[in-house]
Amino acid sequence: MSATFEPRDPDWKARCLASFNRQPICKTLGIELTAVEPGFCEMRIPFRAELTQQHGFFHAGMVSTLADNAGGYAAYTLMPPGAEVLAVEFKVNLMAPAKGEVMIARARVVKSGRTLTICQVEVAMIDGGVEKDCALMQQTTICLLPT
């Protein structure tokens, strides 16, 4: 069951895209923003050997980074004009090695509050044309308003 959310900012999409385009970590790692809707975000990162650990899988830090970004932008879609988003807590369950050609994170807002937003992020790998789950994240973000 997926909740329907109404953005508090009529220009939410332009604000989210502009913010994403200013993120050096996403450019450096090659993270792509592939979908953004109110309360939802999908991001992808193609496999690169430089992003792996000693067994040749995406490093857990890469899994967490992709999930954290997707969750943050899912939350950010529902924040008011002028707001900024930061993660305050997350937990990642690594369920399978992040092995394959492309890693995908799909984040959905579970609860959007005035200050805190809770997101659930599913991370999957496309390996040989087959999508396989590899991690789950539960994340809490905070809405920072200008002072």
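This structure is a prediction, so every number in the text was calculated from the model and none was measured. Sequential numbering from 1 along the given sequence is applied to the chain's residues.
Between the NZ atom in Lys99 and the NZ atom in Lys132 there is a gap of 6.0 Å [rounded to 0.5 Å]. Within the model, atoms OG1 of Thr115 and CE of Met79 stand 9.5 Å from one another, a figure rounded to the nearest 0.5 Å. Atoms CZ and OG1, on Phe5 and Thr117 in that order, are 8.5 Å from each other to the nearest 0.5 Å. Atoms SG and CG, on Cys134 and Asn93 in that order, are 11.5 Å from each other to the nearest 0.5 Å.
When all heavy atoms of Val63 and Ala135 are compared, the closest pair comes out as CG1-CB, 3.7 Å. Contact record, Cys41 with Ala70: CB-O, 3.4 Å, taken as the closest heavy-atom pair. Residues Gly56 and Phe47 share a closest heavy-atom pair of O-CE1, 3.6 Å. Gly39 and Leu78 make their closest contact through N-CD2, 3.8 Å (heavy atoms, listed as atom of the first residue, atom of the second, distance). What you find for Thr77 and Trp12 is that their closest heavy atoms are O-CB, 3.5 Å. In this structure, His59 and Gln53 approach most closely via the heavy-atom pair CD2-CB, 3.8 Å.
Partners of Lys13 according to the side-chain contact (heavy atoms from CB on, under 4.5 Å) rule, which considers only residues two or more places apart in sequence or in another chain, are Leu17, Val36, Glu37. For Glu50, the salt bridge (Lys or Arg N to Asp or Glu O under 4.0 Å) partners at least two apart in sequence or on another chain are Arg48. Applying the side-chain hydrogen bond (donor to acceptor under 3.5 Å, both in side chains) criterion to Ser19, with sequence neighbours excluded, gives Tyr73. Remark: Arg44 pairs with Glu42 by the salt bridge (Lys or Arg N to Asp or Glu O under 4.0 Å) rule, at least two apart or across chains. Residues passing the side-chain contact (heavy atoms from CB on, under 4.5 Å) test with Ala67, sequence neighbours excluded: Val121, Val123, Met137.
Gln23 is not listed as a side-chain neighbour of Ile31, based on a closest heavy-atom distance of 4.5 Å or more. Glu101 places a side-chain heavy atom less than 4.5 Å from the side chain of Asp127. Residues Ile45 and Glu32 fail the side-chain proximity criterion, which asks for heavy atoms closer than 4.5 Å.
Put simply, Val109 and Phe20 are part of two different groups of oily side chains (I, L, V, M, F, W, Y) that touch within less than 4.5 Å, one to the next. Under the 4.5 Å side-chain contact rule for hydrophobic residues, Leu33 and Val85 share a cluster. Side-chain heavy atoms closer than 4.5 Å link hydrophobic residues (I, L, V, M, F, W, Y) into clusters, and following such links, possibly through other members, connects Phe90 to Leu66. Following chains of ILVMFWY side-chain contacts shorter than 4.5 Å, one cannot reach Leu136 starting from Met103, and the two form parts of different hydrophobic clusters. Cluster membership for Ile118 and Leu86, using ILVMFWY side-chain heavy atoms within less than 4.5 angstrom, is not shared.
At least one donor-acceptor pair closer than 3.5 Å links the side chain of Arg15 to the backbone N or O of Tyr76.
A side chain to side chain contact (heavy atoms under 4.5 Å, CB included) with Cys119 holds for exactly one of Lys111, Gln139, Gln138; it is Gln139.
Residue pairs meeting the ring pair (Phe, Tyr, Trp, His ring centres under 6.0 Å) criterion with at least one member in residues 99-131: none, sequence neighbours excluded.
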Exercise for review: Begin with the C-alpha distance, continue with both residues' side-chain angles, and end with the deciding distance and a verdict on side-chain contact (heavy atoms from CB on, under 4.5 Å) for Met125 and Phe58.
Suggested key: CA-CA 10 Å; Met125 291 297 303; Phe58 270 111; 3.7 Å; yes
**Study point:** Verdict with reasoning, Glu122 to Arg108, per side-chain contact (heavy atoms from CB on, under 4.5 Å)
**Key:** CA-CA 9 Å; Glu122 298 172 350; Arg108 289 173 179 78; 4.1 Å; yes
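Under a cut-off of 6.0 angstrom, the local environment of CD in Glu89 is sparse, with at most 12 non-hydrogen atoms contributed by other residues, nucleotides or ligands.
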